[in-house]
Amino acid sequence: MTVREWFSNRIRNDVRTVVQKPAEWREDVAYTVDGMRRGTIDPLDVAKTVLATLATIVFVFVLLIPVYWIFIIALQGEGATLYSTDSAGLIPSQFDPAAFVWVIGDIAIPGAIVGITIPFTDVEFYISWPRIVFLDASNYVDSTSDFPRYFRNSMFISFWTVVFAMLMIVPAAYAFSRREFAGRMKLLYGYILFTQVGAGLGIASVIALYTIFSSMGVTNNRLVLSFYYAAMAVPFNTWLLKTYMDSIPTSLEEAAIMDGASPFRVAWEVVLPLAKPGIATIFIFIFLVGWMEFIIAQLILSPEHYTLPVGLFSLIDEHNVPWGQFSAFALVYASPVVFIYMFAQRYIEDGFSFGGTKG
């Protein structure tokens with residue numbers, strides 16, 4: 001199965017689950033009502049469940065109020081302000097999507113002209129298709145932001161941060177969890193020390209980092225910055241994944257070895273599939289390192305390679321902040337993190353129930 005087929009199957013299953021949820025809820029309600037009529041379900045238990053659900057909904061609503069407020073500010077147009085109750089309220093007086101259009105820009109499929117030459121002949125012909133526009137930003141705003149460029153830079157850096165970090169973390173976590181070798185505990189405690197070095201040195205480490213990057217001539221290299229982010233993510237996440245692998249019963253590996261599996265197959269087909277919840281967790285943490293980091297990115301990169309956090313900060317003027325555009329930019333910037341967490345949530349939830357597995 002290819003990666004594309006795997007993703008398409010996941011998306012198809014998620015869509016099917018969302019479509020089937022209302023029917024499942026209706027069946028649950030009908031089952032509960034029928035059980036109370038027959039006396040097999042205690043109404044007090046149902047009342048407790050309903051009250052707990054309502055309390056959870058209220059709690060989540062309170063947590064989402066700041067996000068909702070930012071969303072309302074983004075819909076108030078150019079005159080939006082964060083400090084005046086006239087610009088926004090719990091129920092907004094106007095909806096102006098211009099700030100989001102300014103952030104996203106045109107939504108279109110680019111046109112192209114492709115030349116094709118028939119081999120061993122002089123025959124050449126061209127295939128062209130027009131640019132298909134779904135949203136023309138010029139109809140709503142005079143100009144658009146540099147969000148697409150910032151987004152590409154952030155995706156590039158985050159992708160390679162995850163790749164570099166995973167290549168170092170997964171083998172190291174497996175070795176620390178399943179192998180005994182000389183200096184193992186010293187290396188583990190060294191990892192803990194490395195997690196504290198950056199926080200302890202503070203601004204001195206930033207100055208030293210900039211000096212090293214300048215002397216090597218890589219102050220504007222996104223790939224080098226990705227490698228630096230990956231190195232910063234390795235100590236903590238190696239400890240985290242190693243701790244999770246410790247909870248996987250060794251009897252499963254012993255059974256695979258008795259069946260003739262090689263050490264590589266044991267690690268690839270037994271340990272790693274069972275470690276998916278832990279891997280999904282560190283994936284989120286590693287991705288956030290490349291996606292959210294601001295100070296080093298602003299220090300190292302030039303404007304054409306700015307990431308989304310630096311681009312968001314650049315909207316702040318000395319005397320004025322365009323709160324509508326700032327809020328829309330922030331919401332669109334944060335949305336990929338939400339989608340990634342929702343995608344990895346199933347694996348994290350599996351990890352919570354893994355402790356009940358018997359070896």
Side-chain angles (χ1 to χ4, degrees), residues 1-14 17 158-197 226-227 229-290 339-359:
M1 179 183 295
T2 64
V3 176
R4 185 177 65 179
E5 292 174 347
W6 184 79
F7 271 106
S8 62
N9 290 336
R10 286 293 184 181
I11 295 174
R12 192 180 303 112
N13 292 335
D14 290 342
T17 301
S158 298
F159 172 80
W160 286 110
T161 299
V162 171
V163 171
F164 291 149
M166 285 296 188
L167 289 176
M168 291 183 283
I169 290 172
V170 175
Y174 178 79
F176 283 130
S177 176
R178 289 299 195 261
R179 296 289 183 266
E180 293 289 341
F181 51 88
R184 174 175 173 271
M185 294 307 300
K186 293 181 179 179
L187 282 174
L188 282 173
Y189 288 121
Y191 269 45
I192 297 179
L193 177 63
F194 290 148
T195 61
Q196 305 300 321
V197 167
S226 300
F227 190 81
Y229 287 156
M232 295 298 294
V234 163
F236 171 77
N237 290 286
T238 301
W239 257 101
L240 190 63
L241 185 58
K242 179 261 180 190
T243 303
Y244 184 85
M245 286 183 175
D246 288 343
S247 66
I248 300 176
T250 57
S251 58
L252 301 176
E253 298 174 80
E254 294 170 356
I257 294 174
M258 292 293 295
D259 291 337
S262 64
F264 178 79
R265 288 192 64 188
V266 171
W268 184 259
E269 298 182 7
V270 177
V271 178
L272 290 185
L274 293 175
K276 281 182 180 179
I279 294 174
T281 303
I282 67 169
F283 171 83
I284 294 175
F285 291 157
I286 297 169
F287 179 84
L288 289 178
V289 171
F339 291 130
I340 288 176
Y341 177 79
M342 292 175 62
F343 180 78
Q345 184 180 8
R346 73 193 69 187
Y347 299 112
I348 298 174
E349 291 176 350
D350 291 343
F352 294 152
S353 59
F354 185 80
T357 302
K358 293 183 180 181

List the atom pairs, with distances to 0.1 Å, where a side-chain N or O of residues 262-271 and a protein N or O form a donor-acceptor pair under 3.5 Å, not counting sequence neighbours.
unit_1: S262; atom_1: OG; unit_2: R265; atom_2: N; d: 3.3
unit_1: R265; atom_1: NE; unit_2: E269; atom_2: OE2; d: 3.3
unit_1: R265; atom_1: NH2; unit_2: E269; atom_2: OE1; d: 3.1

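The two residues R179 and Y174 have their closest heavy-atom pair at NH2-OH, 3.5 Å. For I286 against I169, the heavy-atom pair with the smallest separation is CD1-CD1, 3.5 Å. Closest approach of Y229 to G290, counting heavy atoms only: CD1-CA, 3.8 Å. Of all non-hydrogen atoms in A165 and A230, the two that sit nearest each other are N-CB, 3.6 Å.
F227 CZ: 12 or fewer foreign heavy atoms inside a 6.0 Å radius.
Using the six-membered ring where Trp is involved, F285 and F236 have ring planes that are tilted, between 30° and 60° apart.
Within the model, atoms CG of L274 and OH of Y244 stand 7.5 Å from one another, a figure rounded to the nearest 0.5 Å. In this structure, the separation between CD1 on I282 and CE on M166 is 4.0 Å, given to the nearest 0.5 Å. Taking CD1 from I279 and CG from N237, the interatomic distance works out to 12.0 Å, rounded to the nearest 0.5 Å.
M245 is listed as a side-chain neighbour of L272, based on a closest heavy-atom distance under 4.5 Å. Considering only heavy atoms from C-beta on, L288 comes within 4.5 Å of I284 through its side chain.
In this structure, S177 contributes its side chain and A173 its backbone to no donor-acceptor pair below 3.5 Å.
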Checklist entry - Yes or no on side chain to side chain contact (heavy atoms under 4.5 Å, CB included) for M168 and T238, after CA distance, side-chain angles and deciding distance? => result CA-CA 8 Å; M168 291 183 283; T238 301; over 6 Å; no

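Annotation: ring pair (Phe, Tyr, Trp, His ring centres under 6.0 Å) contacts of F287 (sequence neighbours excluded): W291.
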